[in-house]
There are 2 protein chains.
Amino acid sequence: MEALTRRQRKCLEAVLECLRRTGRAPTYRELGRMLKIASTQGVRRHLEALARKGYLVMKATARGIELSEEVRGAVGIPILGRIAAGRPIEALENFEGAVDVVSMYGSYPEVFAVRVVGDSMIDAGLQEGDLAVVRAAPRVENGAIAAVAIDGEATVKRFHAEVGAVTLAPANPRYAPRIVRDGEAEVRVLGRVIGIVRKLGSI
Amino acid sequence: MEALTRRQRKCLEAVLECLRRTGRAPTYRELGRMLKIASTQGVRRHLEALARKGYLVMKATARGIELSEEVRGAVGIPILGRIAAGRPIEALENFEGAVDVVSMYGSYPEVFAVRVVGDSMIDAGLQEGDLAVVRAAPRVENGAIAAVAIDGEATVKRFHAEVGAVTLAPANPRYAPRIVRDGEAEVRVLGRVIGIVRKLGSI
DNA sequence: CATGATAGTGAACGATCGTTCACTAGTCAA
DNA sequence: TTGACTAGTGAACGATCGTTCACTATCATG
């Protein structure tokens with residue numbers, strides 16, 4: 001994306017900070033107070049430049065500043081390819097993506113998360129305490145890692161459907177696959193695991 | 001949190017959808033159009049109820065609807081403890097948390113992410129392609145998993161500082177630890193790995 | 001049957017906000 | 001040195017928006 005002047009960057013940072021703090025866009029006069037600009041026209045010039053360069057979209061309504069799609073997809077935690085890259089707006093100008101499970105997976109009714117219990121899937125890279133992001137679906141393809149409810153209890157396993165039974169295969173040689181024949185227990189596929197989020201210690 | 005009526009839930013959903021789509025809160029009249037309510041007073045009643053129950057905060061300015069802190073912390077991907085729990089507002093009423101790396105780690109200059117290359121940390125649960133969330137710090141405690149730049153190239157390893165050298169230890173028996181003596185190469189600690197985000201296939 | 005909560009209509013008022021006009025000043029490349 | 005761009009001030013206009021008032025309807029509860 002096109003480079004910004006120092007003042008324009010400050011202005012974009014102020015907009016982002018306001019959105020982060022309050023969840024809504026600032027008015028021209030609020031921005032003026034944050035940037036120490038007395039005239040709404042002075043603020044407007046910066047916003048027009050930011051809109052022209054593709055960072056913002058201006059709507060002619062109250063608090064009508066919207067982030068452009070590019071910026072909206074990039075306001076998570078920046079993925080730095082080159083270590084030299086700075087933060088946070090500088091990174092936008094040579095932008096490589098952002099970590100944000102919400103923008104990665106959306107925040108839709110069919111996406112949820114379950115916590116991984118035990119180490120039965122350790123060889124598939126799922127550790128105890130990981131959050132498995134699941135896309136809800138009534139069935140999944142054979143061999144996929146799925147979240148499954150057995151008699152109402154949720155578990156994450158590799159799923160295989162066969163004639164008259166389903167196999168829930170762990171990914172750990174210390175555990176045996178569980179074969180559930182029809183009628184033995186109520187097996188309900190919750191969905192496919194499409195992501196993992198792990199938190200290591202505290203910040 | 002206090003339960004909502006069906007109409008109030010629809011109203012909160014409309015506010016969230018507007019925020020998700022445009023990044024800014026709706027006006028009373030916009031909400032009225034979404035909910036098929038002709039009078040701003042009809043809309044206002046719902047918003048007052050939502051504010052009274054702690055879901056929203058109303059400011060007397062244009063587009064002055066803000067989410068409460070509780071709701072703002074919960075608008076990611078819901079973590080479902082009990083499978084019975086619904087989505088998305090229902091889950092709020094017996095809320096267990098939300099996955100959202102931004103709200104988990106904040107979106108601050110000192111937090112960024114690097115992509116894991118290779119399988120040298122596989123036994124620590126880091127797979128190729130994972131995003132390692134890093135809290136920037138000039139040094140880390142011995143034994144921590146750290147992002148380190150060796151001669152400008154980033155890598156993720158277990159970090160040990162010794163007298164006159166540092167050891168970068170992989171977590172994979174197929175790789176040997178790398179001992180870098182002072183002056184041999186420029187080793188710069190980027191920070192500690194505080195999280196992992198993995199995307200498995202597409203949605 | 002009354003009461004309170006929920007749900008809604010329609011109109012009007014005043015404050016806020018985006019927009020626009022006219023004017024000033026510094027910087028930098030052609 | 002002349003534009004072009006950036007960065008401001010100050011004032012004013014009209015549209016939008018939150019607020020408020022008066023009034024109606026439905027429905028469950030005691």
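Within every chain, numbering begins at 1; the chains are lettered A, B, ... in the order of the sequence lines, protein sequences first and strands thereafter.
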field: Touch class at under 4.0 angstrom, heavy-atom based, for R29(B) against every strand present
entry: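 Base, at least one base atom sits under 4.0 Å.
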
Please state how far atom [atom1] in [X] lies from atom [atom2] in [N], giving the value in whole angstrom units.
X: R63(B); N: dC17(D); atom1: CZ; atom2: P; answer: 6 Å
X: L35(A); N: dT6(D); atom1: CG; atom2: C1'; answer: 15 Å
X: K53(B); N: dA5(C); atom1: NZ; atom2: P; answer: 12 Å
X: K59(B); N: dT16(C); atom1: NZ; atom2: C1'; answer: 16 Å
X: K10(A); N: dA7(D); atom1: NZ; atom2: C1'; answer: 16 Å
X: E48(A); N: dT20(C); atom1: CD; atom2: C1'; answer: 10 Å
X: R33(A); N: dC17(C); atom1: CZ; atom2: C1'; answer: 12 Å
X: L31(A); N: dG18(C); atom1: CG; atom2: C1'; answer: 13 Å

Select one nucleotide: of [options], the one nearest the side-chain heavy atoms of [X].
X: T40(A); options: dG8(D), dT20(C), dT19(D); answer: dT20(C)
X: A38(B); options: dG18(D), dA7(C), dT9(C); answer: dT9(C)
X: Q8(B); options: dT6(C), dT19(C), dG10(D); answer: dT6(C)
X: T5(A); options: dA7(D), dT19(D), dA7(C); answer: dA7(D)
X: R45(A); options: dA7(D), dT9(D), dG10(C); answer: dA7(D)

Under 4.0 angstrom between [X] side-chain N/O and [N] OP1 or OP2:
X: R7(A); N: dG8(D); answer: yes
X: R52(A); N: dT6(D); answer: yes
X: H46(B); N: dA7(C); answer: yes

- prompt: More 5' along DNA chain C: Q41(B) or A62(B), using each one's nearest nucleotide?
  reply: Q41(B)

message: Go through it in stages, so that I can follow the logic: the residues are L16(A) and L67(A), the test is side chain to side chain contact (heavy atoms under 4.5 Å, CB included), and I'd like the CA-CA distance, side-chain angles, deciding distance and then a yes or no.
response: CA-CA 9 Å; L16(A) 290 174; L67(A) 301 180; 3.7 Å; yes

Any N/O donor-acceptor pair, S39(B) side-chain to dG8(C) base, under 3.5 Å: no

Donor/acceptor link under 3.5 angstrom from R44(B) side chain onto base of dG8(C): no

task: Look at atom CZ of R178(B) and say whether more than 12 heavy atoms of other residues, nucleotides or ligands are closer to it than 6.0 Å.
output: no

- prompt: Side chain of R115(B), backbone of G129(B): donor and acceptor closer than 3.5 Å?
  reply: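 Yes: the side chain of R115(B) pairs with the backbone of G129(B).
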
task: Could you tell me whether the side chain of R7(B) and the main chain of L35(B) form a donor-acceptor pair under 3.5 Å?
output: yes

- request: Using the side chain to side chain contact (heavy atoms under 4.5 Å, CB included) rule, pick out the option among T5(B), L47(B), L4(B), I37(B) that qualifies with C11(B).
  value: L47(B)

